[in-house]
Amino acid sequence: VQLQASGGGLVQAGGSLRLSCAASGRTFTRYAMGWFRQAPGKEREFVAAITWSGDSTYYAGSVKGRFTISGDNAKNTVYLQMNALKPEDTAVYYCAKHGGGMYSLAHSYDHWGQGTQVTVSS
């Protein structure tokens, strides 16, 4: 499975962005997917995850109520809608395919995209 993240950019605080993660190769149907982010000098942190059915979603406390994860299995694409962005949301955002284990842990994911930069100016 290859994952390609896109949609990052520069936005003012309070603005919105929508990230996309397109999968190619083996379909990721029946796999949960997640988004992580990594700011300079910080560890990679969990942002959101969605089960393959889309019935369950999980969010980090820092983004809950502002970010929404969704998926389109027909398009093999996962999205992260980010609203009310804050400067502290600035990071490289990565999508990943869940391989097993806790959704919030990076080592639970076995395929990663290349990352897309999100910069939020104050």
Side-chain angles (χ1 to χ4, degrees):
V1 175
Q2 291 79 46
L3 303 174
Q4 179 73 36
S6 62
L10 173 64
V11 64
Q12 289 189 333
S16 298
L17 283 173
R18 188 176 82 154
L19 305 184
S20 299
C21 176
S24 60
R26 290 182 63 185
T27 178
F28 67 89
T29 301
R30 295 189 178 273
Y31 297 131
M33 296 290 293
W35 286 96
F36 284 74
R37 66 187 182 187
Q38 188 166 18
K42 295 187 177 181
E43 292 187 356
R44 191 168 296 192
E45 66 173 358
F46 170 74
V47 175
I50 186 169
T51 56
W52 72 269
S53 65
D55 289 346
S56 296
T57 56
Y58 306 88
Y59 296 95
S62 58
V63 307
K64 199 168 187 179
R66 300 188 297 123
F67 292 10
T68 302
I69 188 171
S70 61
D72 186 337
N73 285 346
K75 295 182 178 180
N76 284 346
T77 301
V78 175
Y79 305 98
L80 185 68
Q81 177 66 44
M82 306 186 296
N83 299 327
L85 282 161
K86 304 175 181 180
E88 51 263 44
D89 295 319
T90 295
V92 177
Y93 283 70
Y94 299 89
C95 61
K97 171 189 158 294
H98 184 250
M102 291 182 64
Y103 291 119
S104 61
L105 299 179
H107 65 67
S108 298
Y109 295 78
D110 55 13
H111 288 80
W112 293 81
Q114 86 289 359
T116 184
Q117 176 71 47
V118 171
T119 303
V120 184
S121 63
S122 57

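Worth knowing before you read on, the calculation uses all heavy atoms, side chains too, and leaves out hydrogens, waters and symmetry mates.
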_Membership question, hydrophobic clusters at under 4.5 Å side-chain separation (ILVMFWY): are Ile50 and Val47 in the same one?_
yes
_Same apolar cluster: Phe36 and Val92, side chain cutoff 4.5 Å_ = yes
*Does Asn73 use its side chain to pair, donor to acceptor, with the backbone of Trp52 at less than 3.5 Å?*
yes
*For Glu45, which residues count as a side chain to side chain donor-acceptor pair (under 3.5 Å) partner, sequence neighbours excluded?*
Arg37
_Donor-acceptor under 3.5 Å (Thr90 side chain, Val120 main chain)_ = yes
*ring-ring contact (aromatic ring centres under 6.0 Å, His included) partners of residues 64-94, not counting sequence neighbours, each pair once*: none
*Going by heavy atoms in the side chains, are Gln114 and Gln4 under 4.5 Å from each other?*
yes
*Measure from the side-chain N and O atoms of Thr116 to the backbone N and O of Ala5, and report whether any donor-acceptor pair falls under 3.5 Å.*
no
_Beyond-backbone contact of Met82 with Val118, side-chain heavy atoms, under 4.5 angstrom_ = yes
*Separation of Gln2 CD from Ser24 OG (nearest 0.5 Å)*: 4.5 Å
*Of all the heavy-atom pairs spanning Ser108 and Gly101, show the shortest one and how long it is.*
OG-C, 3.5 Å
*Heavy-atom side-chain proximity of Arg44 to Trp112 below 4.5 angstrom*: yes
*Take the angle between the ring planes of His98 and Tyr103 and call it parallel below 30°, perpendicular above 60°, tilted in between.*
tilted
*Cys95 side chain near Leu3 side chain, heavy-atom distance below 4.5 Å*: yes
*In Å, rounded to the nearest 0.5 Å, how long is the span from CZ of Arg66 to CD of Gln81?*
12.0 Å
*CE of Met33 to OG of Ser70: how many Å apart, nearest 0.5 Å?*
12.0 Å
_When you measure from the side chain of Tyr59 to the backbone of Ile69, do you find a donor-acceptor pair of N or O atoms at a distance under 3.5 Å?_
yes
*Which heavy-atom pair separates Gly8 from Leu19 by the least distance, and what is that distance?*
N-CD2, 3.6 Å
*Rounded to the nearest 0.5 Å, how far does NZ of Lys86 lie from OG of Ser122?*
14.0 Å
*Shared ILVMFWY cluster between Tyr58 and Leu80, side chains joined below 4.5 angstrom?*
no
